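Beneath this line is the structure, given in structure tokens, with notes to follow.
To find a chain, count down the sequence lines: A is the first, B the second, and so on, and within it residues start at 1. Just so you know, these numbers come straight off a predicted model, no measurement behind them.
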Amino acid sequence: MDNQLSASAAHATDARNRSHRHPSQKGRTASGAKQHTRGWWALRWPIWKKDFHTSYLRLWEQPVLTWLTCCVIALSLALPFSLYLLVSQLMVFAQGWQAENQMMLYLNPGVELSEAQGIAARVNALSTVESVQLITKDQGLESFSSDDAIGQVFSHFEENPLPHVLVVMPNSMDEAVLQPLHGYLSELVGVDSVQLDLQWLQKLNAMLGLGWRIVLALATGFAIAVLLVVYNTIRLALENRIREIQVLDRLGASSLFIARSYLLSGAFLGFIGGVLALLLVQGAYYWLEHSIVQLASFYPMAGASVGVDGVVGATLGMSWTICLALIGVAVLLGFVSSAVAVYLRLSSR
Amino acid sequence: MIEFKAIGKSYREPGGVARSALRNISFTLAKGEFAFLTGHSGAGKSTLLRLLTLAEEPTFGELWVDGATVMAGPEERRQKRIKCAGQRAIQRYRRQLGAVFQEHQLLMDRSVYENVVLPLDIMGGLLEIEKARRVKAALEQVGLSGKELKTPMALSGGEQQRVGIARAIVHRPKILLADEPTGNLDPELSIGIMELFQRFSSAGVTVLVATHDFDSIADIAPSSRTITLNQGELIG
């Protein structure tokens, strides 16, 4: 063994050079590249596995601190996330209501059917109009005659008193589109009046705009809170491990080598916090489910899907994408704050 | 080759008084040379080794390794416009060092194997099976075979010292520095460790061993070069 160590010491540099040599430097072949990739994984995977294991174990060295951190992350994420879901669901309801918000154009009583068809064609050609439906005075009378009481009233008239009506469906419910369209249609020759409840739309849009701003402000505030909490936890972990960092530093470890397990710890905290936040929101939904379904039954709008299957992701607009996005954001926040903590600690070495 | 050029190191004590730990130290260590660094306690041996591991910067003077300036005092850097090693170069340099520290510097919550394999993990480029082979060989050299899974806490002071030595040699360094490596060892083991260092030296590794035990030098390697410090000055 003595001879073996002496001989190996003599060839230490050669061996080191060989192990670092890149096979692509001269005449890389397909099989060579495959072998290189396999070698690359074989060299790094055990180290990553070790870092993963270390970072996970490190968190449970102080279980109370870890759970507290995760709970704070979960609460910080759950509140803005719930509000986000609420506002987006309100948007779905609002779209359902807005879909019924057509403009009614009542034409002058003297306008003939051919003229009404001409006006309908002009309106339909507008870029801000999705569709136009002409309800002739005869069709109008026919629809009223189905009602016994109103039908009897209309039977006393010698002539049909109803005007032709155009039902206009704008292609946007944006106030900036509706206002000018309303003005243009009112000015058309042959148009008696245009009916649109703009004030109601204005209120709804203003409320939704405010809702989004509140969600954004809360999300930003709580994201900063998550950053600070994870930063503090990782900073404490770094302080507890200061001796280990010094030893690794003296052995020539790169900053990334030292930082890797701490970055993973931050990401772990974010992941657990994200999952807890999802559970909190889902739990809150179960609690409110009955009331929500009862409320939703009064507004049977198309597109407003309030399910009761109780599966995460199937209700309140919580798709799997949104669930994954929440966990992704949590992991990212954990990673970023631990990166800041590690950077500040290592740069002061 | 390691070259100390008029290196001095002083520390500022509470009250603002500067205390010189090293004064005007100049010497050269050739590649593969084996040398003892001797002197009484407080002579500056550990300070000199800390400078060599780049754990500290000199107050003045220059430290050259393989023909390049690794560290220099602020005055030299300003006057001669010397560009010293950056963070990455320092890390690369440290990976070529094998250092046995006086206070062992082991990670107490990790096993002996995990402690010894650290330099190989840091160096990278080796498969796990090769790392295991090298760790086994290094532990065998220091007489700790079969203790891979123990934690340093479960070992005696002398055994911890030997874990530190195994960690210093496992990655086959170019320069081996040892601060009182046999301080906690019995005479028989001390001789074994010194013989191991000498074999490394024969294989081209520069070895510098700091010790205040003059007797062991005479017994183990009477013909080896001795660098002697006294109150921060080089006297031989």
Side-chain angles (χ1 to χ4, degrees), chain A residues 1-22 35-36 38-51 53-54 57-58 60-61 240-258 260-261 343 346-349, chain B residues 32 50 53-55 87-88 90-99 101 104-110 114-115 117-131 133-134 136-138 140-141 145 167-174 176 192 195-196 198-205:
Chain A
M1 186 55 77
D2 290 2
N3 293 336
Q4 184 195 344
L5 191 67
S6 301
S8 60
H11 296 293
T13 314
D14 289 346
R16 214 166 11 231
N17 290 344
R18 272 200 303 277
S19 61
H20 284 298
R21 195 177 294 150
H22 199 287
Q35 273 177 0
H36 171 69
R38 244 198 318 263
W40 191 88
W41 273 107
L43 288 174
R44 280 158 186 81
W45 176 241
I47 295 174
W48 290 344
K49 212 164 68 175
K50 204 184 286 181
D51 284 334
H53 192 63
T54 310
L57 288 180
R58 183 172 293 147
W60 302 112
E61 279 173 8
N240 288 338
R241 297 249 163 200
I242 197 73
R243 205 173 151 275
E244 178 181 318
I245 292 170
Q246 282 168 349
V247 170
L248 292 173
D249 189 36
R250 284 195 175 190
L251 295 175
S254 66
S255 298
L256 183 63
F257 184 92
I258 298 171
R260 236 171 6 214
S261 59
Y343 173 77
L346 295 186
S347 58
S348 67
R349 273 188 290 178
Chain B
R50 276 203 297 276
T53 58
L54 308 188
Q87 186 69 29
R88 289 193 176 192
I90 289 174
Q91 287 163 0
R92 273 198 300 274
Y93 168 76
R94 284 177 178 162
R95 280 174 223 158
Q96 296 175 359
L97 279 183
F101 304 101
H104 319 322
Q105 303 249 358
L106 301 176
L107 304 180
M108 293 301 178
D109 59 342
R110 299 199 192 182
E114 286 170 328
N115 268 284
V117 83
L118 268 177
L120 300 177
D121 281 345
I122 290 168
M123 201 171 76
L126 287 176
L127 293 171
E128 288 302 303
I129 192 163
E130 172 64 9
K131 286 184 198 171
R133 196 186 66 75
R134 288 202 192 184
K136 190 168 178 269
E140 209 171 299
Q141 288 298 312
S145 290
R167 190 181 63 186
I169 61 173
V170 72
H171 59 303
R172 300 161 186 176
K174 282 183 175 175
L176 187 55
E195 281 173 357
L196 176 66
Q198 280 185 324
R199 281 202 300 278
F200 262 83
S201 173
S202 316
V205 178

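- In this structure, A:Arg243 contributes its side chain and B:Leu106 its backbone to a donor-acceptor pair below 3.5 Å.
- Proximity to chain A (any heavy atom under 4.5 Å) is shown, for B:Leu127, by both the backbone and the side chain.
- Once rounded to the nearest 0.5 Å, the distance linking CD1 of A:Ile47 with CD of B:Glu128 reads 6.5 Å.
- Annotation for A:Ile242: atom CD1 counts as buried by contact number, over 12 foreign heavy atoms lying within 6.0 Å.
- Considering all non-hydrogen atoms of both residues, A:Gly252 and B:Arg95 come closest at O-NE, 2.8 Å.
- Atom CG of A:Leu251 is separated from atom CZ of B:Arg167 by 5.0 Å, given to the nearest 0.5 angstrom.
- For A:Trp48, the ring pair (Phe, Tyr, Trp, His ring centres under 6.0 Å) criterion is met by A:Trp40, A:Trp41, not counting sequence neighbours.
- Interface remark: B:Phe101 contributes side-chain atoms only to the contact with chain A (heavy atom separation under 4.5 Å).
- Residue contact with chain A, scored on non-hydrogen atoms closer than 4.5 Å, is absent for B:Ala99.
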Give the intermediate values and the outcome of side chain to side chain contact (heavy atoms under 4.5 Å, CB included) for residues A:Leu346 and B:Gln87. CA-CA 11 Å; A:Leu346 295 186; B:Gln87 186 69 29; over 6 Å; no
Chi angles and distances behind the side chain to side chain contact (heavy atoms under 4.5 Å, CB included) call for A:Phe257, B:Asp121: CA-CA 9 Å; A:Phe257 184 92; B:Asp121 281 345; 3.9 Å; yes
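- Between chain A and the options B:Arg110, B:Lys131, B:Arg88, B:Glu114, the largest number of non-hydrogen pairs under 4.5 Å is found for B:Arg110.
- For B:Val117, the part lying under 4.5 angstrom from a heavy atom of chain A is the side chain only.
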Check against salt bridge (Lys or Arg N to Asp or Glu O under 4.0 Å), B:Asp109 and A:Arg241: CA-CA 11 Å; B:Asp109 59 342; A:Arg241 297 249 163 200; 2.8 Å; yes
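- In this structure, the side chain of B:Arg94 engages the main chain of A:Asp249 through a donor-acceptor pair within 3.5 Å.
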